[in-house]
Amino acid sequence: MTGRRAQLAANLARVEERIESACVAAGRKRADVTLVVVTKTYPASDVRLLAELGVRHVAENRDQDAAPKAAECADAPLTWHFVGQLQTNKARSVAGYADVVHSVDRPRLVTALSAAAQRAGRELGCLIQVAFDAESGRLGERGGAAPEAVPELARAVAGAEGLRLGGVMTVAPLAGPYAGHPGEAFERLREISTRLRAAHPAANMVSAGMSSDLEEAVRAGATHVRVGSAVLGDRPRLG
Ligand SMILES: *Cc1c(COP(=O)(O)O)cnc(C)c1O
């Protein structure tokens, strides 16, 4: 094994152990939690190694980095997740490679993604990103819709050609009442997910938890954890 491959394998094994323990502690099945490895800022060669090591879900947060990486790894058996703030003018590119967009937070983006998915002849899974630090009706600084906006956005996604409503996503807030308490934010996301599923039973994905708080997310019912630095190492720059 090359050094990088061995390092990624060791990191993956540690993350796998953490997810496994968190599942045991929460009385959940390991199979009910999907590990999505966030490869942002790392090269396509790392994505390939991860695929060889058995990773099946990867995520990126910037289209300009993700598009060439996805193209380079097109032959690997990977599901691509887009988790960053998304401008409507990037929807067409993202619809070309992404299978799931976790960051749907406004009606205009729903319209743009729907048009892009139809044009690409693909179906895009969409998660509504909920921001617990957003003021009522306003988007959070890192994207995300206010909790009150979720039902209407969900209806828009569910009614849009080319899109499939997958569920909800959040990033633990750095400001506001939930700062420093990711578990409480994740519990609120669980409540929002429960209400969403009452209206849209198939929208059962709950994307929450990163390297520092995946245990809290698993405890609060996350079905997808998005782990970057714990697998790939600390990022050289903010990404
Ligand atoms: C970078 C990123 C992650 C992964 O964060 P780590 O702390 O590196 O695990 C998860 N979700 C989103 C939206 C991200 O941008």
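The first residue of the sequence shown is numbered 1, and numbering continues consecutively from there. Just so it is clear, the structure is predicted and the values come from calculations on it, not from any experiment.
- No donor-acceptor distance shorter than 3.5 angstrom exists from the side chain of Q7 to the backbone of G3, with no hydrogens or angles considered.
- A donor-acceptor distance shorter than 3.5 angstrom exists from the side chain of R226 to the backbone of S207, with no hydrogens or angles considered.
- By the neighbour-count criterion of 12 heavy atoms within 6.0 Å, atom CD of Q64 is densely surrounded, having more than that number from other residues, nucleotides or ligands.
- No side-chain heavy atom of V101 sits less than 4.5 Å from a side-chain heavy atom of L127.
- Contact annotation: the side chain of L12 approaches that of L50 to within less than 4.5 Å [non-hydrogen atoms, C-beta and beyond].
- Side-chain atoms of T170 and Q129 include no donor-acceptor pair closer than 3.5 Å.
- Shortest non-hydrogen contact noted between A98 and R122 is O-NH1, 2.8 Å.
- For R190 and T194, the side-chain atoms include no donor-acceptor pair closer than 3.5 Å.
- Side-chain contact annotation: S21 with E17, donor-acceptor N/O pair under 3.5 Å absent.
- For CD of E123, the number of neighbouring non-hydrogen atoms (other residues, nucleotides, ligands) closer than 6.0 Å is greater than 12.
- For the residue pair R56 and T79, no side-chain donor N or O sits within less than 3.5 Å of a side-chain acceptor on the partner.
- T34 and H57 share no side-chain donor-acceptor pair at under 3.5 Å.
- Both L165 and L109 are part of a single hydrophobic cluster, where members link through side-chain heavy atoms under 4.5 Å apart.
- Residues R30 and I19 have side chains in contact (heavy-atom distance under 4.5 Å, counting atoms from C-beta outward).
- With no hydrogens or angles considered, no side-chain donor-acceptor pair links Y42 and D65 at under 3.5 Å.
- Here the side chains of V94 and L86 are in contact, with some heavy-atom distance below 4.5 Å.
- Aromatic ring pairs are classed by plane angle as parallel below 30°, tilted from 30° to 60° and perpendicular above 60°; the pair H81 and H102 is perpendicular.
- Using a cutoff of 4.0 Å between basic side-chain nitrogens and carboxylate oxygens, D63 and R92 are not scored as salt-bridged.
- D75 places a side-chain heavy atom less than 4.5 Å from the side chain of R48.
- Side chain of D105 to main chain of A145: no donor-acceptor pair is present (N/O by atom type, distance under 3.5 Å, no hydrogens or angles).
- Using a 4.5 Å heavy-atom cutoff, the side chains of V157 and V104 are in contact.
- Residues W80 and K69 meet the side-chain proximity criterion, which asks for heavy atoms closer than 4.5 Å.
- S103 and G84 get closest at one heavy-atom pair: OG-O, 2.6 Å.
- Residues L232 and L8 are in side-chain contact: their nearest non-hydrogen atoms beyond the backbone lie under 4.5 Å apart.
- Using a 4.0 Å cut-off between charged nitrogen and carboxylate oxygen, E60 and K40 do not count as a salt-bridge pair.
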Q.
Run the side-chain contact (heavy atoms from CB on, under 4.5 Å) test on I192 and F132 for me, step by step, so that the C-alpha distance in whole Å, both residues' side-chain angles and the decisive distance to 0.1 Å come before the verdict.
A. CA-CA 11 Å; I192 289 169; F132 293 110; 3.7 Å; yes
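- The main-chain N or O of V47 is never found under 3.5 Å from a side-chain atom of T39 such that the two would form a donor-acceptor pair.
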